[in-house]
Amino acid sequence: MASQPSDPNKTTPKSQQLFSCDLALSEQEKELNQRLRSLYPAVNEQETPLPRSWSPKDKFSYIGLSQNNLRVHYKGHGKTPKDAASVRATHPIPAACGVYYFEVKIISKGRDGYMGIGLSAQGVNMNRLPGWDKHSYGYHGDDGHSFCSSGTGQPYGPTFTTGDVIGCCVNLINNTCFYTKNGHSLGIAFTDLPPNLYPTVGLQTPGEVVDANFGQHPFVFDIEDYMREWRTKIQAQIDRFPIGEREGEWQAMIQKMVASYLVHHSYCATAEAFAKSTDQAVHEELASIKNRQKIQKLVLSGRMGEAIETTQQLYPSLLERNPDLLFMLKVRQFIEMVNGTDSEVRCLGGRSPKSQDSYPGSPRLFNSPVHKASSSQTYQTSTYYIHKFFFLPAWVKKTLPEGYYKKRDKTTQVSITVSFVLKLIGTPVLTQLSTGPKKYRFLVPIPSHCTAQNNTEVEMEVDHFSNGVSESSSNGFLNGSSTHGIDLEELDSAQSKRQLCGGSQAAIERMIQFGRELQSMSENLRRERGKNSANKKMLKDAFSLLAYSDPWSSPVGYQLDSIQREPVCSTLNSAILETHNLPKQPPLALAVGQAAQCLSLMARTGSGSCAFASVDDYLH
Amino acid sequence: MMACLLEAPLRISVLSEVTATSRHYVDRLFDPDPQNVLQGVIDMKNAVIGNNRQKANLIVLGAVPRLLYLLQQSSSSLELRTECAVVLGSLAMGTENNIKSLVDCHIIPALLQGLLCSDLIFIEACLRCLRTVFISPVTPVQLLYTDPTVIPHLMSLLSRSQHTQEYITQIFAHCCKTPEHQTVLFNHGAIQNIAPLLISPSFKVRMQALKCFSVLAYENAQVSMTLVNVLVDGEQLSQVFVRMMQRDKPIEMQLTAAKCLTYMCRAGAIRTDDNCIVLKTLPCLVRMCSKERLLEERVEGAETLAYLMEPDIELQRIASVTDHLVSMLADYFKYPSSVSAITDIKRLDHDLKHAHELRQAAFKLYASLGSNDEDIRKKITETENMMDRIVSGLSESSIKVRLAAVRCLHSLSRSVQQLRTSFHDHAVWKPLMKLLQNAPDEVLVMASSTLCNLLLEFSPSKEPILESGVIELLCSLTQSDSPALRVNGIWALMNMAFQADQKVKVEIVRALGTEQLFRLLSDPDTNVLMKTLGLLRNLLSTRPHIDQVMSSHGKQIMQAVTLILEGEHSIEVKEQTLCILANIADGNTAKELIMTNDDMLQKIKYYMGHSNVKLQLAATFCISNLIWNEEDGSQERQDKLRDMGFVDILHKLTQASDPNLCDRAKTAMQQYLA
């Protein structure tokens with residue numbers, strides 16, 4: 001299979017020439033992979049591989065293949081149409097391409113130039129030119145006619161011959177096909193195409209030779225431009241999608257989703273403000289939100305021991321009922337001990353406990369927790385609850401002045417997020433007012449204290465936010481947790497002098513002891529609840545850290561990365577919410593997940609428009 | 001408008017009420033307290049927004065001169081002046097009548113004067129109003145150019161803000177209508193000043209800047225040549241335009257960028273085989289012709305495409321196979337569609353409004369497509385009902401459509417094949433003849449040019465056209481003031497005389513009159529002269545015809561020939577004249593007109609020794625005819641010519657390096673030997 005990149009190290013080259021030839025080959029493979037990825041990002045090649053060459057198995061005997069199965073030549077008698085022969089590509093065209101394109105260069109027109117370029121379904125007779133049979137479509141060089149599952153052609157385009165490059169484009173959104181000649185579109189040739197067609201060429205007289213380009217080389221026709229047009233069309237369709245008949249219904253739903261999202265991630269102040277301004281009830285006690293917030297903060301800063309303790313305090317039966325969860329937390333605690341960040345080893349006085357506190361794995365922009373407001377109070381932003389939504393799109397980073405994020409408080413981040421989420425769902429409450437991407441106006445009324453200044457306007461522009469949590473806070477909840485007394489500071493970039501358990505001998509001993517406890521806990525668990533391969537692997541991976549003198553740069557070192565705290569954190573958060581009969585996942589995340597699932601379902605059922613509606617495009 | 005629906009007495013009272021409130025607004029402009037005046041202007045601003053009736057009332061009540069006065073008074077506060085400009089801008093947003101009133105009150109110089117102020121807000125208000133006034137079709141664009149300091153000042157304001165950029169470029173884009181305007185703007189640095197705006201963050205600014213370039217580059221080589229060398233942020237301007245044609249850009253932007261590149265190409269600044277033309281501009285324009293586009297866009301797209309490829313056969317060939325363009329254009333004739341008539345009055349109205357424009361654009365594009373390539377012409381004539389559409393187009397009420405239809409017909413008439421088949425089958429000559437009876441010059445030029453082709457010898461339409469009394473018509477064309485019409489008239493007569501029978505030739509000579517014939521021989525236009533000589537040559541073919549024509553008009557013809565051979569004329573003209581002489585020498589009795597004219601014989605001798613082979617050949621041909629053996633009196637002529645030294649010359653010419661001339665001389669020499 002052509003998709004396997006050849007590894008020059010594995011071949012034992014007989015000569016330098018052969019070696020360089022292999023290198024060139026792998027270069028070509030690389031280019032091909034790169035081009036296919038950029039052209040068809042929505043295609044899951046595990047499920048639906050893309051055509052990369054002609055199939056040596058799916059061809060008539062009069063067809064010869066060479067040059068990595070890209071060159072096709074005719075080797076029959078070529079006396080009558082009965083001597084026609086075709087070859088199909090290795091794979092059918094995946095619907096998730098949206099728009100698919102390949103080109104064929106005519107190397108030689110041979111005796112009569114009876115060449116056909118097109119598409120056919122699996123199983124169509126190969127002793128024929130494409131287009132002559134049912135589920136077969138072709139454009140023929142000798143007369144320029146198009147053949148749509150019929151022995152008689154229709155006048156379609158110009159003839160083609162030696163030196164011409166013919167392209168075939170399948171639009172899987174409207175199921176049409178057009179050809180190109182030397183980079184010029186010839187117009188629609190076929191409509192109502194069935195799914196799962198294979199690129200196909202057919203030849204009929206001696207001397208005919210053609211080369212295929214499935215993406216190995218740049219195309220002569222500007223297919224990217226055509227794809228751009230369709231991406232815009234699909235996106236416009238999404239933007240214009242009609243929603244809720246009754247006024248306000250849709251908006252109320254959106255507001256609910258946003259509120260639940262804020263609550264889920266424990267943004268107490270924003271959630272409260274948002275709920276108040278949109279007239280909604282919060283379905284969880286604010287105190288409870290605050291508790292979850294506290295626990296999450298501990299997990300994300302690597303202080304697992306405290307996190308477990310706090311959880312046990314606040315939700316006494318939770319971990320008892322979930323031994324697997326507890327086990328997972330403990331394993332994480334073990335890892336944090338190795339890391340030197342867990343509170344138990346830190347108090348043993350290794351090194352500055354702050355050195356690994358911060359959270360460098362995720363976007364830096366959330367990484368400046370200390371914010372000095374103009375008043376004497378120090379507000380802290382709890383921006384640790386990283387969720388995908390909070391990754392600011394690149395353009396925002398570009399367009400906003402440097403240092404902008406450092407000054408932003410959580411409210412700003414949330415508002416930005418919310419506006420994107422609204423955009424995602426295509427609601428009209430959010431209008432893009434100018435062509436520049438900067439100004440997303442937020443037509444949902446936002447309480448004044450969210451915006452720091454007493455902004456009475458109903459519209460807010462993200463680039464007009466002032467910083468800081470409002471001084472005139474009308475409620476008792478400030479974002480952040482100065483009351484918790486958790487002191488978080490910037491990383492001292494101590495990465496270079498990292499040492500096991502922070503370098504303290506006592507800490508190492510504590511860690512070893514903890515490891516033993518963990519081992520016995522694991523054994524107990526297995527006895528009580530049977531084998532659990534996930535737990536087993538988790539423990540094995542964690543213990544493997546000790547096998548290396550420098551665990552951080554070891555193959556299992558990724559576990560020490562603070563980004564690995566995220567799944568732990570979110571699992572714990574979900575478990576807590578479940579005990580309160582609240583959804584494990586916020587409806588918003590659920591909707592995003594459903595949208596993604598929906599798209600992959602579309603890909604499987606042959607709806608090409610899924611190619612241009614990636615959820616990620618909307619999340620940025 | 002509501003008032004009109006009411007009963008009469010009531011309507012009057014409502015009207016007077018409206019006038020009364022309007023009057024109140026105007027009165028407040030005269031308040032002695034400046035603060036009250038300001039408040040009055042602000043209230044007026046709020047009252048007129050979106051209210052055309054109120055605007056008209058205020059104008060009638062004389063608000064404009066007062067507002068202009070307040071705007072110009074240096075004693076007025078800046079705030080007041082700005083509000084005045086805003087209200088005036090609002091009044092300009094109304095009907096065309098409003099604009100006329102404003103222009104009549106000299107609003108333009110007042111606002112231009114206002115631009116000299118340093119306050120940006122005030123400048124923007126003035127510019128906004130100026131923009132609205134200038135983009136109206138009722139405003140004479142010349143008003144922008146009366147004061148020579150205005151354009152440079154506007155250029156300097158371009159750097160002030162995105163608003164000034166938007167308004168100024170929009171004014172330029174609308175007010176650049178002639179080559180003189182282009183030159184003025186060019187000389188004041190329009191290109192350098194506007195080019196950076198193409199990458200402005202504001203879409204409106206980008207769009208208006210782009211429009212500026214399209215009007216600046218149109219048929220202007222100087223601008224176009226400058227544009228290709230301009231860099232915007234390190235990128236060539238043509239590449240910036242190419243990016244603006246990307247298929248995800250707004251259609252207006254794609255279309256305008258394609259126009260810019262088209263004009264640059266036609267002005268010779270970009271080659272027609274450049275990728276940005278072949279692979280980008282042309283496909284973009286073809287896309288603009290598709291059914292998915294708005295009717296206006298399809299018209300503009302087709303016209304621009306026609307203009308782009310007019311001179312280039314390769315572009316015509318590519319366009320003819322791109323996206324089924326030829327059949328796509330057939331759709332242009334289907335408006336208003338039967339569906340629109342039934343279902344939707346609004347759409348019917350819209351379709352009707354654009355139907356003429358669509359048809360003429362399609363005809364233009366067909367004309368351009370088929371101007372060189374025979375296969376394309378065939379493809380066009382084979383398009384559904386094409387010939388019928390042209391025939392009915394020729395007699396449409398819209399001049400634009402008639403002209404475009406005849407252009408299309410003309411383009412197709414260059415095909416021998418089509419002349420023989422579809423042209424004859426559809427009797428296109430009939431509407432064409434009708435069109436020729438009474439049409440403006442531009443239509444006449446095209447129609448008569450087409451007629452020339454229809455009168456070609458192999459055209460089956462030639463006979464019926466002759467019978468329809470075309471000769472008189474063509475003769476009258478030769479008397480036109482327009483050189484193009486004279487050429488076409490005489491050209492058609494020339495084609496008609498080719499291998500025609502005696503009756504036709506006599507008729508031509510009679511209808512034209514020798515006086516007119518000789519007037520044409522001294523026509524200042526070389527083309528006219530050439531075709532007249534061609535006509536003479538065709539008249540003087542086959543021996544009996546030669547003798548007959550020469551017996552009646554010999555003297556004048558010989559005079560004319562002498563005159564031309566002695567005059568300052570091109571080689572082609574002299575060659576043609578010598579050919580006429582050779583024809584005369586082929587006559588039985590006509591020969592003597594030359595033989596008895598020693599002066600003429602000396603001239604022939606001179607041309608036999610000329611440095612130009614073509615002239616030598618024609619002169620030798622003439623002598624060869626004179627000494628031809630089998631004819632009466634050949635011996636005497638041979639003797640006379642030998643005495644005059646022609647044999648020596650012929651002898652010399654047998655050694656000529658040109659094989660034709662050498663052969664011709666040898667054949668002539670053989671007459672002596674036999």
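Just so it is clear: chains get the letters A, B, ... in the order the sequence lines come, proteins before strands, and each one is counted from 1.
With a threshold of 4.5 angstrom between heavy atoms, B:V286 does not approach chain A through any atom at all. With a 4.5 angstrom heavy-atom cutoff, B:K280 touches chain A only via side-chain atoms. Heavy-atom distances place the backbone of A:N182, and not its side chain, under 4.5 Å from chain B.
For B:E124 and B:S161, the side-chain atoms include at least one donor-acceptor pair closer than 3.5 Å. Side-chain N/O atoms of A:N174 and A:T176 include a donor and acceptor closer than 3.5 Å. Side-chain contact annotation: A:S146 with A:Q154, donor-acceptor N/O pair under 3.5 Å absent.
Annotation: maximal heavy-atom pairing with chain B below 4.5 Å, among A:E229, A:M227, A:E224, occurs at A:E229. Listed options A:K233, A:R228, A:R231 were ranked by heavy-atom pairs under 4.5 angstrom with chain B; first place goes to A:R228.
For the ring-ring contact (aromatic ring centres under 6.0 Å, His included) with A:Y226, the lone residue among A:F221, A:Y101, A:F178 that qualifies is A:F178.
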Check step by step if side chain to side chain contact (heavy atoms under 4.5 Å, CB included) holds for A:F147 and A:Y156.
CA-CA 9 Å; A:F147 289 73; A:Y156 168 66; over 6 Å; no

